[in-house]
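As a basis for the values below, the full set of heavy atoms in this structure was taken, side chains included, without hydrogen atoms, waters or symmetry mates. Letters A, B, ... are given to chains in the order of the sequence lines, protein chains preceding strands, and every chain is numbered from 1.
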2 protein chains.
Amino acid sequence: MNTYTAANPSTGDAREHFKMAVSVDCVIFGWEDETLKVLLLPSLEPEHQGCWMLPGDTVQPEETLSSAAWRVLAPHAAFSGLELEQVHAFGTVHRHPVGSLVSVAYYSLVNAAQAPFKGTLRWHSLKRLPNLLPYHKEMLDTCYRRLQHKVIDGPIGIDLLPEKFSLRTLQHLYETILDVKLDRRNFRKKFFNMDILVDLNEEEDSVPHRPARLYKFDAGKYDLRTKKTLGF
Amino acid sequence: MNTYTAANPSTGDAREHFKMAVSVDCVIFGWEDETLKVLLLPSLEPEHQGCWMLPGDTVQPEETLSSAAWRVLAPHAAFSGLELEQVHAFGTVHRHPVGSLVSVAYYSLVNAAQAPFKGTLRWHSLKRLPNLLPYHKEMLDTCYRRLQHKVIDGPIGIDLLPEKFSLRTLQHLYETILDVKLDRRNFRKKFFNMDILVDLNEEEDSVPHRPARLYKFDAGKYDLRTKKTLGF
DNA sequence: ACAAAAGTGTTGACGTTACACCCATGG
DNA sequence: CCATGGGTGTAACGTCAACACTTTTGT
């Protein structure tokens, strides 16, 4: 068979080509209690007792990759406004005895408090991960790196923080995701210069220290900042 | 069936899941004659007479995605040092009557003069593309965008240019890929500051204008510049 | 002499980093 | 009065964009 035409299954016996399984696996990062978490469920595979896995499912012939990812998360009402982004396709030789599986990883970052789990799904702190299926660990790592890059080249936080929030809270979100300490003054300057914050002229209440001013996002300006540019 | 465990084909009748085809399609950009090209071959599908397509093949059960991409290009000796990078997985509903196909796009950028085509493969200028299979056009566009971003955050050119080259040639490479005009002085500054060029103290010969100085890349320093950093 | 491309510096705007002190609140 | 975190300004530096004239060669 010609190598270059084999990609067209209508050449030869097409059924010979349709022997793979494709799954989507969702790495849903959640922000809750000032902690970065990820959504997992316990594995039922006997050979991986005690392991957890990413929510996912095999892709059905009549759906697209992204709609399969959506379907996996659909039972969770709070995910209705979810933006899933494809990150990478992982292929492993003979992961399963019956044939080969290709897993396409999607990720998102949501407000965990607004996404109550159902079934056996649970939020797990990224800092205290349980054992994962090995290839799921790789997917999670790759998606986490993607998340970190995402955070660097555009603002995040809308949908994650309460409507009114302090700059401390916002900075802590960034520090947690990037896993670094940031300078408070520079962080403030950066955000004020972005011009996406609205000063509510309100203060925190009942905190055991000087109360912080509260802000909200200016949704319109926030969206503008998420557009990418192709400077040289 | 439980949505979340369906990703494990060992649950239930596993064979039910292995009905997909996965292909890799390679978007190989080539630089030759001061032109950016892409490697294509004519489609043999009757319903797409005259269309060209990307070289690709279905993934076999005993290989990984990247090794499948490698295999597709293996007949081309000059590709032996090739760095293929995965870009995106494309899934389409019922692209073929027999079942669904997921195509994983890989890309690379090579010296087209050192990669002579064989069979029906041909280099096509990006500026004068023939008709492509519709989904291949989408893959090409996505990979081209990836290439442009790649060019922005690290140096390219080693392996693409002759060993000795002028800054005009290098700048033209960048201008072609980014599809913009660049300021000559700023471009020079940028590259000299990167400290990856070695001045050969030689000049062009037999050009109908003032001859340009010739440079080569400092391979070691060049490699250092390709490492990414995660600044905030 | 002319055409064609090579080579060269400065300035201003902007973003990033580093860094130290006083302020407001609750306990 | 103490502990905790809130809030503020400035200087050094690097990067980037904009911009014009002189030099060297071949014809």
Peer 1: Does A:Arg185 make a side-chain donor-acceptor contact with the base of C:dA20, cut-off 3.5 Å?
Peer 2: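 Answer yes: a donor N or O sits under 3.5 Å from an acceptor.
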Peer 1: Within a reach of under 6.0 Å around CD of A:Glu34, are more than 12 heavy atoms found that belong to other residues, nucleotides or ligands?
Peer 2: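 Check passes, neighbour count above 12.
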Peer 1: With a 6.0 Å cut-off on ring centres, are A:Tyr135 and A:Phe90 close enough?
Peer 2: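 No, ring centres 6.0 Å or more apart.
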Peer 1: Below 30° counts as parallel, above 60° as perpendicular, anything between as tilted: where do the rings of A:Trp52 and A:His124 land?
Peer 2: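 Taking A:His124 first and then A:Trp52, their aromatic rings stand perpendicular (interplane angle over 60°).
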Peer 1: What residue among B:Glu202, B:Glu204, B:Glu203 forms salt bridge (charged side-chain N to carboxylate O under 4.0 Å, His left out) with B:Lys164?
Peer 2: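 Of all the options given, the one that passes is B:Glu202.
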Peer 1: Between A:Arg145 and A:Asp141 (salt bridge meaning N to carboxylate O under 4.0 Å), is one present in this structure?
Peer 2: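 Here A:Arg145 does not pair with A:Asp141 in a salt bridge, since their nearest N and O are not under 4.0 Å apart.
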Peer 1: Taking all non-hydrogen atoms of both residues into account, name the closest pair between B:Leu39 and B:Leu54 and its distance.
Peer 2: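 Minimum heavy-atom separation between B:Leu39 and B:Leu54: O-CD2, 4.3 Å.
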Peer 1: Send over the distance from A:Asn186 CG to D:dC13 P, rounded to a whole Å.
Peer 2: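 Answer to the nearest Å: 16 Å.
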Peer 1: Among all residues two or more places apart in sequence or in another chain, which pass the salt bridge (Lys or Arg N to Asp or Glu O under 4.0 Å) test with B:Lys189?
Peer 2: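 So B:Lys189 forms no salt bridge (Lys or Arg N to Asp or Glu O under 4.0 Å) with any residue.
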Peer 1: In whole angstrom, what separates B:Lys189's NZ from D:dC19's P?
Peer 2: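 Interatomic distance, NZ of B:Lys189 to P of D:dC19: 13 Å.
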Peer 1: Please determine if B:Lys190 and B:Asp183 form a salt bridge, counting it only when a charged side-chain N lies under 4.0 Å from a carboxylate O.
Peer 2: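 Between B:Asp183 and B:Lys190 there is no salt bridge, as every charged N stays at least 4.0 Å from the carboxylate O atoms.
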Peer 1: Distance check needed: D:dT10 C1' versus A:Arg188 CZ, whole Å only.
Peer 2: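 Roughly 17 Å, once rounded to whole Å.
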Peer 1: Between A:Asn193 and A:Glu203, name the one whose nearest nucleotide on DNA chain C is closer to the 5' end.
Peer 2: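 Of the two residues, A:Asn193 wins.
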Peer 1: For A:Ile152 and C:dT16, give me the distance from atom CD1 to atom C1', rounded to whole Å.
Peer 2: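 Answer to the nearest Å: 14 Å.
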Peer 1: Which residues within residues 208-217 of chain A lie with some heavy atom under 4.0 Å of an atom in DNA chain C?
Peer 2: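 Here the set is A:Pro208, A:His209, A:Arg210, A:Pro211.
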Peer 1: Using the ring of each side chain (for Trp, its six-membered ring), is B:Tyr144 parallel, tilted or perpendicular to B:Phe29, with breaks at 30° and 60°?
Peer 2: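 If you compare the ring of B:Tyr144 with that of B:Phe29, the planes turn out tilted.
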Peer 1: How many Å lie between CD on A:Glu204 and P on D:dG5, as a whole number?
Peer 2: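 About 11 Å, once rounded to whole Å.
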Peer 1: May I have the distance from B:Arg184 (atom CZ) to D:dA18 (atom P), rounded to whole angstrom?
Peer 2: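 Spelled out: CZ on B:Arg184 to P on D:dA18 is 16 Å.
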Peer 1: Atom CG of A:Asp183 and atom P of C:dA20: how far apart are they, to the nearest Å?
Peer 2: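 These atoms are roughly 11 Å apart.
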Peer 1: Heavy-atom contacts under 4.0 Å between residues 163-172 of chain A and DNA chain C, which residues?
Peer 2: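 Within residues 163-172 of chain A, no residue comes under 4.0 Å of DNA chain C.
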Peer 1: Grab the CD-C1' distance between A:Glu34 and D:dG5 for me, whole Å please.
Peer 2: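 It is 13 Å, rounded to the nearest whole Å.
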